[in-house]
S.K.: 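Here it is, the structure in full.
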Amino acid sequence: MKMYPEYGCTEEAPNDTIAAVATAMSTAGIGIIRVSGPDAVRICEGLYVNAKGLHDLASHAPNTITFGYIEDETGNRVDEVMVSVFRAPHSYTTEDTVEINSHGGIYLLERILDLVLRAGARMAEPGEFTKRAFLGGRIDLSRAEAVMDLIASQNEFARRTAIGQLSGSISEKVNELRSLLLYEMAFIESALDDPDSYAGDLEGYPERLDGVCEKTLTQMEDLLEIGEKGAVLKEGIRTAIIGRPNAGKSSLLNYLAGADRAIVTEIAGTTRDTLQESIRIRGISLRVTDTAGIRDTQDQVEKIGIERAKAAVSQSELVLYLLDASAGITQEDQSIISLLHQWKEEAPAVRKCILLLNKSDLPPVTDSGQVHSFFPEADAFLTCSLRTGEGADLLGDRIEKMYRMGELSHQSDVLLTNARHREAVREACESLQLVRQSIRAGMSEDFFAIDLMNAYASLGKITGDAVGDDLVEEIFSKFCMGK
Amino acid sequence: MLYTIDTDICVIGAGHAGCEAALAGSRLGYRTVLFTMNVDSIAMMPCNPHIGGSSKGHLVREIDALGGEMGKNIDKTFIQSKMLNISKGPAVHSLRTQADKAEYSRSMRQVLENQENLTIRQAEVTDILTQQELQEYLRTDLCSEASQNGNDSPGGKPRVAAVRIHTGTIYTCRAVIICTGTYLNARCLVGESITETGPGGMQRSTWLKNAMDRLGIPLRRFKTGTPARMDGRTLDYSKMKIQPGDPVVVPFSFSTDPADVQIEQVPCWLTYTNEETHAVIRQNLDRSPIYAGIIEGTGPRYCPSIEDKVVKFSDKSRHHVFIEPEGRSTNEVYVDGMSSSMPDDVQQQMYRTVPGLENCVIVKNAYAIEYDCINANQLKLSLETKTVDGLFCAGQFNGSSGYEEAAAQGLIAGINAVNMIRGREPLVLKRSEAYIGVLIDDLVTKDNREPYRMMTSRAEYRLLLRQDNADLRLRKYGYEEGIITQNQYEYVCFKERKIREETERLKKSRIGAAASNQEILASLGSAPLKTACSLAELICRPELSYEKTAALDPDRPALSKDITDQVEINIRYEGYIDRQKKQVQQFEKLEHKKIPASINYDDVGSLRNEARQKLKEFLPSSIGQASRISGVTPADISVLLIYLEKNRGRKM
């Protein structure tokens, strides 16, 4: 059984309103949330109040920009915003469109988007605004083709985020919840399919299922909460510092932190674990993970640290690799290089590596030429001494340049994905509430199956799994069917 | 000397698919020849003695709504009937009957024999000829006569023109429907004993394999099995639990008068395997052809042999065994739940461990059967092959299993063979319209690795696809195609209108909190009204129903039960039904986006390679169908949508 709640909306559905953050998720002051579709104004009107506290969005003249506030469901002000209303067909998408300009940074953009989604908009698919613009005749062919490429590349990207970048624990959790739901569906279906043999198994089942739903709901609500907290931490380019022990990783972190003393958060893990800090350098946010030194070790605790270091690299957009020029390319460096090589290869376009040849103040054993031949994939080679500070500024220059050139970017998709995930979990919660409602109303088991399947499909959007023949497979593998 | 006979449609095989296909073709006015290896095996039930069951009952109702024969035939020949899951929601109610096998077969044969335009011919079809092959085959003077059947298909695709039978006689025709079931290159296995026969010792067919090879349609090998038949007089029923039929029988066919099916029924019996049975099986596993690796075909997991059940579900200390009569005029009983391919001696030993079967005498051994079939991915949704125009396939030959699944495909293939000849669009039912739609879409679009069985869980919108409303869903199609009569169709239109009117009336009729009403409610064990509410709201109360609220509803019109049942379902499950309807709307948008047959997927930029390959292989007819192909992602679908939009109105 497969459901298509998403596909149905990927075309010019006349009754469908979509929303997304339309600007890149950057530290730049302003971001725009675009809401497009026939209900755009109605949806935003409930959230927006003007300076006098009135919900007057519907009366705004088209193509004007007005100051006001976004309020949440309980009437608390979330942010000061500028709001524009565009009326069909005079908008980018040729549909009724509302654009909310916020200058509150990524976290507030996410909150506002969340409110818009909760008010009834659907999360836009990658490239969907442009697609609507094309289908509405607003943009031409070549532009649309660019969108197709964009969609294809984001497809690839989305799959990677779903599998790799989405923290392992969340996808594990989602899979655990899904298999729980799948089992319950298969249980119901097998009993209904062969009632002569198994109808008796359904005795007392609604109560048991209610318990399962309650437990699952609690877990999903927890997930939502974690998701909201997680969004704050996600600000910034994910950066890992890597190198063998004593290559100068801590000095680098101190240097970066000291550069403008802008440590926002500091989360220490367990001993010899990774350390994460949010740092601003040249106005660019980095979320830096200092990893344990990589070396062959028998020490259990340190081994765990190394595994985490590898995990940190795999989730980073930028890696700062420190190499001790006075020690040369060691065995440890070779394993780091092979790790980075693999990491780069998976997504060369979005993963950048800067190699820092440190300790230039000591007699060198190796030089950048030799290093280059060992690790040609690095995007930049810098020579510096973090102890004396010599050449260290080059690092800031380089990061700034990469950022301005668009080589490095905040991967807004990570945040979008998150909003998408939260939306999916919320949908699943709603479906499970409906199951419980059906149980309380004394409906029969086949009705529970409908909403269980919807919850299952919603959660599948997070891990990127289509429903396919999962249920039929589960029925056959877990239950002895057939006379 | 070449001998040719001209006809319109040739149906190969007279099982449940072949019968429906042949009846559809001839009823629509086309000369049809139904070929069978043996006329005594027409509509034979070589495996279980049921028609219907969970989701299969839906199929029979749908076949009937479209004008097929299965429902009518079982109404004439059943010996027990039961509505399954009656305590559950209406979506999973399913009618299941026990058939008198011999009677079922005899009765169907009678219908076929008396059908205008239909000829039954006992013969093995040994070849299928395309237009070009036929012309090469015939002498020049015969060629001109045969060419009236049409020219080469546009695009140079071969088109069927004839079949040849074992005697050499050629039947020229415009469409061929292959329904060989489990007969093609079949072999039956009982332990070490292998016989080259079709089911039940019937002669198998072999020649058609060469034709399929030549036409470029690859075959695959599937496997299935059946339990033993026993002499019912040797069983001790006192050790089993009786399984009677329903006190009031509901007929399968919408055309059958319910009064005609209130007959004396025959019971079935329930017993169980036990640890002793399982021990016998475990000790002899090495002698099972499956576990010894002799069987190469893929068997169905939903119909496992008792060996499989014991091995795969070793935690179960017992399995259900149902003893079911094969008919009124025979002592043979079917041992449902214990199909096997163990050697004879092991079967004897194993069956006798089951309570009630201690002294059983086996009439027919349980056996496994292997046969050639196709991967239905090679078919269009019309059931016509993608490679040869005019060649249709239906039934178990398409990799399905079950009489009902076969009959459903046979009916659709028969209708579409006619549509091809008369130049009309094929009848393709959507997943949102019918179980038949789900069945054919799954067969054609999905990657099926074992014989496919219908299940209610395969239907996404099952609350809408109920067995009770098959006529409301499908009569119109049967009528448009020409199998359903004007009268039958008009009744459905009338029924539809009455349901709508009565549903509306109940929603509008308000019941006040007057003392008289409260009294009636109290007598029905229902809570008193605080304020006025609609009759519809009252009907939704679990303890009330349409019938029970009659006393509160003096204006109630006299309506037949089939109408009031629908009204009650509409009102009671409105919320769920509305939600499924919304899902259907979303679903159908994509189904309506057709992909032109001329599309060149190499021109569609940005498709991932895997998706491009799958799309080229499956050639889906709509975006909806494309989205169900495994390996095609939502993003690929977006890419495809834009491409189609871009090229709209342009010739691809």
Side-chain angles (χ1 to χ4, degrees), chain A residues 1-11 13 125-128 131 134-135 141 144-145 147-149 151-156 158-159 185-186 189 192-197 199 202 434 438 441-447 449-450 453 464 466 468-469 471-472 475-477 479-483, chain B residues 48 54-55 82 84-85 87-89 91-92 243 270 300-304 309 312-313 316 319-322 336-337 446 455-460 462-463 542 573 576 579-580 583 585-587 589-590 593 605-608 623-624 627-628 630 633-639 641-643 645-646:
Chain A
M1 190 143 141
K2 191 163 166 180
M3 300 213 170
Y4 314 95
E6 292 183 74
Y7 300 179
C9 311
T10 53
E11 52 184 312
E125 307 274 320
E128 198 172 1
K131 190 157 83 184
F134 168 71
L135 295 177
L141 196 63
E145 274 166 342
V147 179
M148 281 159 64
D149 289 335
I151 291 170
S153 68
Q154 292 199 353
N155 178 21
E156 199 47 41
R159 219 181 33 215
M185 284 188 281
E189 295 300 334
L192 294 174
D193 194 70
D194 186 2
D196 285 338
S197 306
L202 288 174
L434 287 171
S438 300
M443 302 300 287
S444 72
E445 290 79 0
D446 50 308
F447 288 96
I450 297 176
M453 180 49 90
D469 283 331
L471 178 54
V472 173
I475 292 172
F476 292 141
S477 65
F479 300 93
C480 182
M481 298 300 296
K483 291 178 176 174
Chain B
N48 64 64
S54 182
S55 79
K82 221 171 167 177
L84 301 178
N85 287 324
S87 64
K88 308 299 174 197
V92 292
Q243 306 277 298
L270 169 63
R301 285 170 302 173
Y302 50 80
C303 189
K309 290 187 193 180
K312 291 189 183 140
F313 298 92
K316 288 214 157 199
H319 294 278
H320 295 76
V321 179
F322 293 89
D336 203 343
K446 290 192 177 158
M455 300 172 85
T456 59
S457 51
R458 296 193 196 265
E460 294 85 346
R462 70 177 173 197
L463 193 49
Y573 307 112
Y576 295 92
R579 262 160 50 214
Q580 289 228 312
Q583 289 175 347
Q585 276 173 9
Q586 296 284 16
F587 161 80
K589 266 190 224 156
L590 293 182
K593 289 238 177 245
S606 307
L607 273 181
R608 289 168 322 111
I623 290 284
S627 70
R628 286 188 290 279
S630 70
T633 66
D636 296 317
I637 293 299
S638 295
V639 166
L641 274 172
I642 290 191
Y643 177 82
E645 205 58 43
K646 187 176 95 181

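Residue numbers begin at 1 in each chain, while the letters A, B, ... track the order of the sequences. Since the model is a prediction, treat every value here as computed from it, not as a measurement.
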S.K.: With B:Asn48, which residues qualify under side-chain contact (heavy atoms from CB on, under 4.5 Å), at least two apart?
M.R.: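 B:His50, B:Tyr334, B:Tyr403.
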S.K.: Per the side chain to side chain contact (heavy atoms under 4.5 Å, CB included) rule, which among A:Asp193, A:Asp446, A:Leu192 passes with B:Asn85?
M.R.: A:Leu192
S.K.: Could you check B:Arg462, B:Lys88, B:Arg458 and say which one makes a salt bridge (Lys or Arg N to Asp or Glu O under 4.0 Å) with A:Glu189?
M.R.: B:Arg462
S.K.: Which answer fits A:Met185, side chain, backbone, both or neither, if we ask what part of it has an atom under 4.5 Å from a heavy atom of chain B?
M.R.: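 Neither part, no heavy atoms under 4.5 Å.
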S.K.: Against chain A, label B:Ser87 side chain, backbone, both or neither, depending on which of its atoms sit under 4.5 Å from a heavy atom there.
M.R.: backbone
S.K.: Kindly write out the residues that satisfy salt bridge (Lys or Arg N to Asp or Glu O under 4.0 Å) with B:Lys312, not counting sequence neighbours, or none if the list is empty.
M.R.: B:Asp308
S.K.: Given a strict heavy-atom distance threshold of 4.5 Å, which part of B:Leu463 is in contact with chain A: side chain, backbone, both, or neither?
M.R.: side chain
